[in-house]
There are 2 protein chains.
Amino acid sequence: MTSQDQGRGGGEDETRGQGRGRDQDRGRGQDQGQGQGQLDRGQEREQQGLHARLLASLGPAITGGAYPPGTVLRTDELERRFEVSRTVVREVVRVLESMHLVESRRRVGVTVLPTEHWNVYDPQVIRWRLAGADRPRQLRSLTVLRSAIEPVAAGLAARLATADQCAELTQHALGMVATSRGQQLEGYLVHDMAFHRVILRASGNEMFARLGDVVAEVLTGRTEHHVMFTDPDPAAVTLHVQVAEAVRTGDAPRAERLTREITTGAMAELDILAP
Amino acid sequence: MTSQDQGRGGGEDETRGQGRGRDQDRGRGQDQGQGQGQLDRGQEREQQGLHARLLASLGPAITGGAYPPGTVLRTDELERRFEVSRTVVREVVRVLESMHLVESRRRVGVTVLPTEHWNVYDPQVIRWRLAGADRPRQLRSLTVLRSAIEPVAAGLAARLATADQCAELTQHALGMVATSRGQQLEGYLVHDMAFHRVILRASGNEMFARLGDVVAEVLTGRTEHHVMFTDPDPAAVTLHVQVAEAVRTGDAPRAERLTREITTGAMAELDILAP
DNA sequence: CAAGCCCATAGATACGACGTATTCAAGAGT
DNA sequence: ACTCTTGAATACGTCGTATCTATGGGCTTG
């Protein structure tokens, strides 16, 4: 009869013996089935899936240079090394492939692509790179990007910002003033990030708006990179207040020029040659 | 009718009411060879995989608004509708999820996310949107982005461009001059794209360099959008030549200013308010 | 030594089974 | 009557296996 047992409950038959060899290394089905997983999840960081876990392992490893371009990863090797099934590996590889971090070819394996193919605007990739070894380089690239985007965004915001957005802007600028002295860098950072996020959103351009997260990461990185002890530059604080004012009054050229001063200052902090 | 049959594959008691799609479980492997005729995949020979085919169907459909945000797609429905297996659907959903186009949640399905979540810098997404209904809107967004990026990139290029890059730049500028008259728009477009690509690459910033493809798509879209009959604006051609010259002589402010004139002109063509 | 054929290999695709989280609703408790 | 708990239904998550296909290397042959 062709039908083996469709009801799983009964037979623990010996035909799985072959599979045992592979299965015994983890006992994955049963292991997860027990309450074990809950304890595990309770203590450690929140891993909401094997897929996310593997991606969080492979992504930073690749962007961090642990696998130089040209390195070939085989799926079964990844399968064993990370103790996940083929399905998980394949889905993760597909995602990495969509980021152009790797290329999967038959008979060859999963090849790590050179840096110039990477989709460097993917927030995930940005986060991985900022967390990795070439963080300084990434920070410079992104700061230069900011210097191009934000002044234009501020100019547009001056024309298009709603009353609510102007109010938000002023509020965060005042918040920056209030936290600019006395080792309140955390509070300052929050207002700084919110300020730039509002500017980008108020520009009315979705491409600009999407950079809010990137700018936030850059500001965070900058803060925890070189200061933590010195208060923010008073000139920068003043500039933010003035930008808020320029946006509120609809003075686009002024908003753009002032924001350009802000980003120029940000570049100077990183020793980037200013135009 | 409570649970009387857990088995999905064997059960014929779909309480669906519509018999459509029942043929799917019959001979999947052979079905590909036959070419059922339901889908005209005989025409598009570029499909080197079911994964790519499904992605090319779903991606544009989502970005094009065929599935408004909040729409729930169930995996088994996609399975039937596109006549592919669960594996393929899952991998495609993972990729779409990595682009933040959809979100997959247990017990609810694959939900289309609102536009503001989309990873609008993903070249794939950009291509889909440019091919879709909101092409004009997308073209405007990208042109504004260009207006922010390219002047800064040109300024950096004036400082950092190698001799080879300067030569390339001059060559393409001359190519634009040569093709600027007499219905040679295709050749003009090639040089135009190459010119801006060299500028972005010569800026030395990887974030800028990666926008070469985007700019190329914008230029292509613009050309085939509103002209095809009129020759390029002579002023724009002159500006490109001057930019090449400014970069060659290392005059960063001039290169930046001239490029800003170019992008301002590009925005004017799309009736975008210029600063 | 070079060119072409053969086959081992590893990814691509498929499919069914089971696990698990989440949602909805019914029922118990206050 | 309202709320909280708990159970069931459901649709995604994960896994193991089987088969297919393309490809690269090795072998054979001229």
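Proteins get letters first, then strands, A, B, ... in listed order; numbering begins at 1 in each.
- One can find a donor-acceptor pair under 3.5 Å joining the base of dA14(C) and the side-chain atoms of Thr87(B).
- The residue Arg74(A) sits close only to the backbone: its heavy atoms come under 4.0 Å of sugar-phosphate atoms, none of a base.
- Panel note: side chain Trp118(A), backbone Leu113(A); a donor-acceptor pair is recorded below 3.5 Å.
- Backbone-only contact: Leu73(B) has heavy atoms under 4.0 Å from sugar-phosphate atoms and none from a base.
- Taking every side-chain heavy atom of Leu50(B) into account, dT13(C) is the closest of dC15(D), dG11(C), dT13(C).
- Set against dT14(D), dG19(C), dG11(C), the side chain of Ser85(A) has dT14(D) as its closest nucleotide.
- Closest to the Arg107(A) side chain, of the nucleotides dT9(C), dA12(C), dA14(C), is dT9(C).
- Asn205(B) places a side-chain N or O within donor-acceptor distance of the main-chain N or O of Phe208(B), the cut-off being under 3.5 Å.
- Atom C1' of nucleotide dG16(D) and atom CG of Asp76(A) are separated by 15 Å, given to the nearest angstrom.
- In this structure, of dA12(C), dA14(C), dT14(D), it is dT14(D) that holds the atom nearest to the side chain of Arg90(B).
- In the interface, the side chain of Arg105(A) is not paired with the base of dG24(D) through any donor and acceptor atom under 3.5 Å apart.
- Of the residues near DNA chain D, Glu91(A) and Val108(B), the one whose nearest nucleotide (by heavy atom distance) lies more toward the 5' end is Val108(B).
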